[in-house]
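Have a look at the structure below, then the notes.
Heads up: numbering here begins at 1 and tracks the sequence. Keep in mind it's a predicted model, so treat the numbers as computed, not measured.
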Amino acid sequence: MLMEADLPNDVEALRALVLEQSRTLAEERAARADLALAKGEADAEIERLQSIIDAFMRHRFGRKSEQLDPDQLQLGLEDVEAALGEARAAREAVITKAGGERPRKANRGALPAHLERIEQIVDVDDRACPCCGGALHQIGEDVAERLDVVPTTFRVLVTRRPRYDCRSCEGVVVQAPAPARIVEGGIPTEALIAQVLVAKYADHVPLYRQAQIYARQGLQLDRSTLADWVGRAAWYLRPLRDRILEELRGSQRLFADETTAPVLDPGRGRTKTGQIWAYARDDRPWGGDDPPLVAYVYAPDRKSERAEAHLGSYSGILQVDGYSGYAALARRSQQLSLAFCWSYVRRKFYELAGSSPVATEVLRRIAMLYAIESEVRGTSAEQRRAARAEQARIIVDDLHSYLEARLRQVSAKSKLADAIRYALNRWTGLSLFLHDGRVELDSNTVERSIRPLALNRKNALFAGSDEGGANWAVIATLIENCKLAGINPHTWLTATLTSLANGHPTSRIDELLPHAQVA
């Protein structure tokens, strides 16, 4: 700011000073206008990107018919949120350039306490007062925590086993036995094998890509070497999968489904279609005491005999889709009741809703059933049964009459007739939820368990053999049960492989199961 004493006495000099101040003021106003424009553009871009994210989230949490595939949703959100971060950085740069302070980020909570803390002190260069030169003293400090990462670090564990002999006795050599290993004579620790398994079956990173990752750190590990480790681990882990399947067979109610597993067929130079069968239990919606479990079993085909081989003489309620193989299984077993899936029924009518008022009406009535389910979810089995008997039964009975009447009015060869027959032919199983509060309205529980298999199939393309498909089913079973139990699969696999290598007795195998770790 100019003081009166700074003003010149000469008129011309004073005029020149005024003109210079005017030009400076105009330039500053122009610069502020440009910054305001840039800030406005950044704000508009942030608003636009946020609206896209909101649209994605509406698909995620909106009506079932509007939801995107979860994988597509994640891919879309990643790119849009990255663009949103770029727009925010540009806006903050504009604010800083204008002389303002960057907006403080909202406190999103402390970082986990178990993480190592590496402290760094950013201090002033001179602790002398800039005003009087006196010594400064500390009155406080600002502390900021940021999450850092050290790229995957490999290390070599060197095991030394001294040998001893006796100076007085010939031929006496004493040495501690070598620690047991999953890969005898090999280089991996059980923790490294666990890392390979988790990367392949939980994070869906094929072995050849893992080999490329390791090569960047100077480790030349062939894909075939990693595959050997996987196979050996699967051999050790198979009894645990079998034990989980055995426990599932003793459940009151099970979900079952199957998904394709492309398998290389070298004799024909292409892939054949194997199947991975999934059997799941989740009694949490009605307060059951049994822990949620899932087991996968590979089979080279989809014959109905496969489910019978997997389930044995299972007696209880089996919740399934409309695959005829399950119906054949129920006919052979008088102790097995099938509960069919309303979600599958809904899908068939949803495909026709745009052109058929009948399909639209069916969807409306099914939506009423799901609305009732949302109210009773989490209550006891008896409370669910009573609420369904009071509210849902009349909807189901009316819908049955409505479908029978419309089937007589439409062309027998139409898709609408196919959808109606699909529902009517399975009506007993679709109505079972009215009589038993343990039964769910659909089989989405097991479908969610199959989703990780689909991701792995997408990334790995196919299994190398039937044996590879069987190993896939074994390891995927244990990793998914770790997720259901809420434990870290790498930590569990490392400890379990170590125990198995050291000869953990088969009679106590239940102690190793994932859900036993949180019991």
Side-chain angles (χ1 to χ4, degrees), residues 182-183 193-194 196-208 210 223-249 254 256-268 270-280 293-312 314 325 446 449-483 489 492-493 496-497 500-501 506 509 512-514:
I182 291 293
V183 181
I193 297 174
V196 173
L197 297 180
V198 171
K200 178 173 173 61
Y201 296 102
D203 300 329
H204 318 296
V205 182
L207 295 181
Y208 79 92
Q210 293 190 49
R223 176 196 45 75
S224 59
T225 299
L226 300 180
D228 179 71
W229 300 352
V230 169
R232 292 175 184 273
W235 183 84
Y236 276 93
L237 294 169
R238 188 179 300 271
L240 278 74
R241 190 283 309 272
D242 294 343
R243 180 66 187 95
I244 290 174
L245 183 60
E246 181 182 350
E247 185 171 341
L248 285 171
R249 292 192 193 106
L254 280 183
D257 201 358
E258 71 289 330
T259 188
T260 57
V263 175
L264 190 62
D265 190 1
R268 296 189 299 168
R270 54 193 177 97
T271 61
K272 60 182 180 180
T273 302
Q275 296 284 326
I276 291 185
W277 299 70
Y279 303 96
L293 293 177
V294 63
Y296 304 117
V297 185
Y298 172 80
D301 53 52
R302 200 186 181 207
K303 295 178 180 177
S304 61
E305 292 84 357
R306 299 296 181 183
E308 184 174 6
H310 302 158
L311 295 176
Y314 174 71
V446 71
S449 298
I450 279 181
R451 187 171 299 145
L453 300 179
L455 286 172
N456 207 58
R457 179 178 61 210
K458 184 185 300 183
N459 286 351
L461 300 183
F462 50 79
S465 63
D466 287 332
E467 291 76 12
N471 291 339
W472 181 1
V474 167
I475 300 170
T477 293
L478 299 172
I479 286 178
E480 288 307 309
N481 279 284
C482 284
K483 295 179 183 178
W492 178 85
L493 279 168
T496 301
L497 289 173
L500 292 172
T506 305
I509 200 168
L512 300 179
L513 297 178

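- The shortest non-hydrogen separation linking Ile479 to Ala202 is CG2-CB, 3.7 Å.
- The shortest distance between side-chain heavy atoms of Gln210 and Lys200 falls below 4.5 Å.
- In plain terms, the two heavy atoms of Ala280 and Ser449 that are nearest each other are CB-OG, 4.3 Å.
- Asn471 approaches Gly231 most closely through the heavy-atom pair ND2-CA, 4.1 Å.
- Using a 4.0 Å cut-off between charged side-chain N and carboxylate O, Arg249 and Glu246 make no salt bridge.
- Rounded to the nearest 0.5 Å, atoms NE2 (His310) and OH (Tyr296) are 14.5 Å apart.
- With a 4.5 Å cut-off on side-chain heavy atoms, Leu311 and Leu254 count as touching.
- Glu258 places no side-chain N or O within 3.5 Å of a backbone atom of Arg302 that could act as its donor or acceptor partner.
- With contacts defined as side-chain heavy-atom distances shorter than 4.5 Å, the pair Val474/Tyr298 does not qualify.
- Side-chain contact between Leu237 and Leu497: present, with at least one pair of heavy atoms (C-beta onward) separated by less than 4.5 Å.
- Side-chain contact between Trp472 and Ile276: present, with at least one pair of heavy atoms (C-beta onward) separated by less than 4.5 Å.
- Here Glu480 contributes atom CD and Ile475 contributes atom CD1; the two are 12.5 Å apart, rounded to the nearest 0.5 Å.
- The structure places OH of Tyr314 at 9.0 Å from CG of Leu248, a figure rounded to the nearest 0.5 Å.
- The shortest heavy-atom contact between Trp277 and Asp301 is NE1-O, 3.7 Å.
- A donor-acceptor pair under 3.5 Å links the side-chain atoms of Trp492 to the main chain of Leu512, judged by distance alone.
- Residue Ile509 holds its CD1 atom at 7.0 Å from CG of Leu500, rounded to the nearest 0.5 Å.
- Atom-to-atom distance recorded for Ile244:CD1 and Leu478:CG is 5.0 Å, nearest 0.5 angstrom.
- Using a 4.5 Å heavy-atom cutoff, the side chains of Pro300 and Arg306 are in contact.
- A 4.5 Å side-chain heavy-atom check between Thr477 and Val294 finds every atom pair outside the cut-off.
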Assess whether salt bridge (Lys or Arg N to Asp or Glu O under 4.0 Å) is satisfied between Arg232 and Asp228, documenting all intermediate values. CA-CA 6 Å; Arg232 292 175 184 273; Asp228 179 71; 2.8 Å; yes

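- One distance of note links CD of Glu247 with CG of Leu513; it measures 7.0 Å at 0.5 Å rounding.
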